[in-house]
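Indexing begins at 1, ligand by ligand and atom by atom, following the structure's order. For the single chain, residues carry numbers from 1 onward in sequence order. Below, all heavy atoms of this structure are taken into account, side chains as well, without hydrogens, waters or symmetry copies.
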Amino acid sequence: MLNSVERQIIHYIKDLNEPEILNLYNKLAKGKRLRAKLILKIAGNSLRVIKTASIVEMIHGASLLHDDVIDDSDMRRNRPSINSIYGNKTAIMFGDILYSKGFYELNDIDKRVSKVISNAVVQLSLGELADVSLSEEFNTDRDRYLKMIYQKTASLIEASAESASILAGKDSIPYKIYGRNLGLAFQMIDDILDITVDSQTLGKPAMHDFFEGKTTLPYIYLYKELDTDDKNRLKSLHSKRLNTKDEAWIKLKMKEYKIIEYSYNEAKKLIDEAISLMENAGEFALSAIAKEMIERDF
Ligand code: FPP
Ligand code: MG
């Protein structure tokens with residue numbers, strides 16, 4: 001079923017009548033297509049549903065193109081990022097083309113779905129801005145981190161699930177909570193894997209978040225546990241390129257205070273709620289997606 005989404009995206013891109021854009025699109029690694037998968041599992045595979053899933057993936061792709069410019073990232077999903085090959089201007093404009101074409105096509109789907117998705121993109125942009133602002137300081141506020149990851153990541157996954165439930169004529173509430181929890185857990189796990197997994201497996205540089213200024217959940221929890229000297233040491237490393245000794249020290253302290261387990265359990269609680277909501281609704285394919293997410297190691 002995901003193949004029909006790939007075909008639909010290509011169809012939208014060919015509509016633009018610009019071979020250069022098709023060429024750029026072919027340079028993108030496709031990713032897990034999580035949002036499209038949820039939409040199809042919730043709402044089936046009618047053309048309207050396939051179009052919605054394709055539009056959401058185009059918007060998501062656009063947001064990653066912009067994010068790689070903002071984060072100055074050279075790699076995305078084990079491939080050189082578009083900004084690293086063609087420069088920031090091309091990456092930004094290609095992102096603009098993908099999301100504006102997505103919005104244009106969204107008009108033909110359903111007014112409620114249009115509102116849900118466009119509101120999520122507002123949240124997405126606010127979340128990215130919050131991520132940038134939070135990265136300018138050593139943030140130790142868990143609530144600000146949670147609000148930011150809700151906006152930056154969970155909002156579009158929540159909107160995907162909600163939109164699909166609208167298209168399928170199902171009660172939106174459990175799907176919305178499912179999508180939100182999945183999105184929050186997804187970002188928390190992403191932030192954990194940045195610390196626990198090597199660059200090759202991640203498809204992007206490992207332990208990069210802290211260098212980018214991001215005090216993700218494990219760093220927030222670690223900071224709370226450390227004594228004053230170690231708090232100062234951790235703060236002094238913020239936004240710096242870590243040498244192997246500093247990296248090893250952070251990992252050692254995280255191990256000592258069981259920070260990864262603690263952070264992982266926070267994601268697991270959200271996933272457990274998502275699983276039970278979907279099991280109660282008889283949506284076993286969706287509860288299986290949630291289970292896979294908590295078990296993912298890349
Ligand atoms: C990845 O975060 C970034 C996002 C999930 C959202 C990015 C949103 C924007 C740039 C707003 C603009 C929106 C559009 C539609 C153009 P990350 O840097 O933590 O993850 P990463 O490690 O995968 O890069
Ligand atoms: Mg990034």
Greater than 12 external heavy atoms within 6.0 Å of Phe103's CZ: yes
Should Lys214 and Asp191 count as an ion pair when the cut-off is N to O under 4.0 Å? no
The Mg ion (ligand 2) -> Asp67, closest N, O or S atom is OD2
Using the ring centroid of each side chain, check whether Tyr25 and Phe94 are separated by less than 6.0 Å. no
Determine which of the N, O or S atoms in Asp71 is closest to the Mg ion (ligand 2) and give its atom name. OD2
Numbering the atoms of ligand 1 from 1, which are under 4.0 Å from a heavy atom of Gln187? 19 (O)
May I ask you to say whether Glu6 pairs ionically with Arg33, meaning some side-chain N is under 4.0 Å from a carboxylate O? yes
May I ask you to list the atoms of ligand 1 that are less than 4.0 angstrom from any heavy atom of Val121? 15 (C)
In ligand 1, which numbered atoms sit nearer than 4.0 Å to a non-hydrogen atom of Lys152? 2 (O), 4 (C), 5 (C), 6 (C), 17 (P), 19 (O)
Does ligand 1 have any atom sitting under 4.0 Å from a heavy atom of Arg76? yes
Tell me the protein heavy atom at minimum distance from atom 20 (O) of ligand 1, and give that distance in Å. Asp67 OD2, 4.1 Å
Can we say Glu279 and Lys291 salt-bridge, meaning some charged N sits less than 4.0 Å from an Asp/Glu carboxylate O? yes
Nitrogen or oxygen of Glu128 less than 3.5 angstrom from that of ligand 1: no
If we only count heavy atoms from C-beta on, is the Ile70 to Asp131 side-chain gap below 4.5 Å? no
Looking only at non-hydrogen atoms, which of Gly127, Ser100, Ser125 approaches atom 12 (C) of ligand 1 most closely? Ser125
Examine distances only and state if a side-chain atom of Glu57 and a backbone atom of Ala36 form a donor-acceptor pair shorter than 3.5 Å. yes
At under 4.0 Å between heavy atoms, is it the side chain or the backbone of Asp71 that contacts ligand 1, or both, or neither? side chain
Considering only heavy atoms, which of Ser63, Ala154, Gly31 lies nearest to atom 10 (C) of ligand 1? Ser63
Cationic N near anionic O, under 4.0 Å, Glu283 to Lys170: yes
Closer than 4.0 Å to some heavy atom of Lys214 - which atoms of ligand 1 meet that? 17 (P), 18 (O), 19 (O)
If you have a sec, work out which protein heavy atom is nearest atom 22 (O) of ligand 1 and how many Å separate them, to one decimal? Lys204 NZ, 2.7 Å
Any side-chain to backbone donor/acceptor pair from Ser287 onto Phe284? Under 3.5 Å, distance only. yes
